[in-house]
Amino acid sequence: MPASPGTTTRAVQVALLRWYARCARDLPWRRTSAPYPIWISEVMLQQTRVETVRLRFDEFLDRFPTLDALAAAPLARVLKSWEGMGYYARARNLHRAAREMRRRYGGFAPSHAAFRALPGVGAYTAAAVWAIAFGEAHLPLDGNVRRVLARLCDLATHRQDDYRAAGAPLMRGLPPSEVPQMAQALMELGALTCLARSPRCADCPLRRFCQARARQTIPKRPLSRPRPARPHHPVVILYLRNRRGQFLLTQRPAHAMLGGLWELPGGKAEAGETLPRAMRREIREELDLRGLRRLRYVGAVGHAYTHFAVTLHLFTAEMPGPASAFPALRRLSRTGRARWLFPHQIADYALPTGTHRALALLPELHRARAAGRR
DNA sequence: AAGCCGGGGAT
DNA sequence: ATCCCAGGCTT
C-alpha cells in the first residue's frame, strides 16, 4: 500500500481479521493446520473453484491420507482420483513431489525454499502452504488477492512486483498465530466480497481504505488483458469393438495434454473432409488399420478446453479381423498404451470429461459408467 | 512476459 | 457466448 503509512496498514489488517473471524466459510481444509492436507487443498484449488474442490477434497484424503500413502500409490490411482478436475499435470506433479519429499527429506519439505523447488509448487502454492500451515509471512498472490490489492491500492499494472509491493506490508508485523488467517482473509475477501464482476462494496470491511472506490475506478481494476478467441475443431472418435465384445482404449503420452489419461482412438477432421472419411483416415494413421466394418455414426458432444473447443463425433465399428493380425495394434498393446476392455472395466481408467460424455451416448457404456461411479 | 494446460459455473 | 477461477511450467 504505497500511499498508506503503517498506521493505515495496521487498521486494514485489523478490519480484515475481524471480518474473517466473522464471515469465513467453513471449508474442509480449514479444519487442519497440517502441511500435507493444506498442500493438497492448494494444488486442487489451482484454477479450480472452491465448490468443486469441496466435493473432492475429503475423498482424496481418504484415499491418500498421508504423504507416505500418496508416495506409495501408483500414479494411475492418483490420476483416477483426479479425473474430471482438469490440469492433470497437477496430479502427476503431486505424485512426483510426494515421492521426492519422502526420498530426500523422509517427510514434508523442511523449508519454504525446498518446498518451492518441488514440481508443481510455484510461488503461490509455496507461499500459501508456508503461511497457512507454518505461520510464516509469505504473501499468497492468487487471482483473488491480486484483485483485492488492485482495488485497495488502485493498481493500474500487470507487474507481479507491483502487487508484491502492495501486498507484502499486509502480511508483516503479525503474530505467527494470525498469519494463517491473514493469508486466507485476503483470498476470502476476493472470493466473497471483492468479486470480479459485481463487487459488494457496501459489505466490504475495507471500503474506507479502498483507493479504487475513492477514485471510482473499481470496474477498471484489476486491469484486464484481451484474450484471443477459441478456435473450434471437429474431432472424430471411435468405439471399436472386437469379436469378444471388448472395445479399444488408448493412453495419451505422459507429458502431452491430458497426459496419462485414456481415450478412444481418433483425431481432428480436416477441412472439407466428411466425418466417416476422417474417421477411417485417423484409424489408418493411428492404428494402421484398414477396412473397418459396420462403421456407424452415433452422435456428438461439445467440449471446451482453455484455448480451443471441440465437437466430439462418436462412431462405432467392428474390427476387420483379429487384433493380432495388425502389427501397430500389437505394438500398442505390448507397450501397454492400448487395451481391449469390457465395458464394466472402464471404471478403473481415468478418462477426460469429453470422452466420458461421448461414451454416455452408448447405452451399453452408460450402464457401465453408472456402475463405475458407485 | 507470453503461450499452453481442463473444466465448470456465473453472467 | 464470455469471463475467469486459491496457478505452474516452458520458452
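Just so it is clear: chains get the letters A, B, ... in the order the sequence lines come, proteins before strands, and each one is counted from 1.
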(Q) Within the 4.0 Å heavy-atom criterion, would you say A:Gly84 contacts the bases, only the backbone, or no part of the nucleic acid? (A) sugar-phosphate
Q: Let me know the distance between CH2 of A:Trp82 and P of B:dG7, rounded to the nearest Å.
A: 13 Å
Q: Answer with base, sugar-phosphate or nothing: what part of the nucleic acid does A:Met85 contact at a heavy-atom distance below 4.0 Å?
A: base
**Q.** N/O donor-acceptor pair under 3.5 Å between A:Trp82 side chain and A:Gly86 backbone
**A.** yes
Q) Would a distance-only check, ignoring hydrogens and angles, find a side-chain to backbone donor-acceptor pair under 3.5 Å from A:Arg63 to A:Arg77? A) no
Q) Is the phosphate of B:dG7, meaning OP1 or OP2, less than 4.0 Å from a side-chain N or O of A:Tyr88? A) yes
**Q.** Interatomic distance where NE2 belongs to A:His356 and P belongs to B:dG6 [whole Å]
**A.** 15 Å
Q: Using the C1' atom as the reference point in each nucleotide, state the distance between C:dC5 and B:dG6 in Å, no decimals.
A: 12 Å
Q.
Say we look at B:dG9 and C:dG8: how far apart would their P atoms be, to the nearest angstrom?
A. 23 Å
Q) Going 5' to 3' along nucleotides 5-11 of chain C, which nucleotides have protein heavy atoms under 4.0 Å from the base (write B), which only from the sugar-phosphate (write S), and which from neither (write -)? A) BBBSS--
Q.
Under 4.0 Å, counting only non-hydrogen atoms across every strand here, what does A:Pro352 touch: a base, just sugar-phosphate, or nothing?
A. sugar-phosphate
(Q) Does A:Arg197 contact C:dC3 through a side-chain donor or acceptor facing the base, at a distance under 3.5 Å? (A) yes
Q) Considering heavy-atom distances to DNA chain B, does A:Leu258 or A:Leu195 have its closest nucleotide positioned more toward the 5' end? A) A:Leu258
Q. Is there a donor-acceptor contact under 3.5 Å linking the side chains of A:Arg147 and A:Asn144?
A. yes
Q | Check: A:Gly354 main-chain N/O paired with A:Arg357 side-chain donor or acceptor under 3.5 Å | A | no
Q. Where is the tightest heavy-atom contact between A:Arg56 and A:Ser81, given as atom of each residue plus distance?
A. NH1-O, 2.9 Å
Q. Could you state the NE2-C1' distance from A:His303 to B:dG7, rounded to the nearest angstrom?
A. 6 Å
(Q) Can you tell me which residue among A:Leu314, A:Ile237, A:Val236, A:Thr274 is in a side chain to side chain contact (heavy atoms under 4.5 Å, CB included) with A:Met279? (A) A:Val236
Q: Quote, to the nearest angstrom, the C1' distance that separates B:dG7 from C:dT10.
A: 22 Å
Q. Nearest-Å distance, OH (A:Tyr305) to P (B:dG8)?
A. 10 Å
Q | Nearest-0.5 Å distance, OH of residue A:Tyr239 to CG of residue A:Leu359 | A | 7.5 Å
Q | B:dC5 to C:dC4 separation - C1' atoms, rounded to the nearest Å | A | 15 Å
Q. Any sub-3.5 Å donor-acceptor pair from A:Arg92's side-chain atoms to A:Ala254's backbone N or O?
A. yes
Are any protein N/O atoms closer than 3.5 Å to N/O atoms in nucleotides 1-4 of chain B? If there are, list each pair with its distance.
residue: B:dA2; atom: OP2; partner: A:Arg225; partner atom: NH1; Å: 3.0

Q. Donor-acceptor pair, A:Ser333 side chain versus A:Leu329 backbone, under 3.5 Å?
A. yes
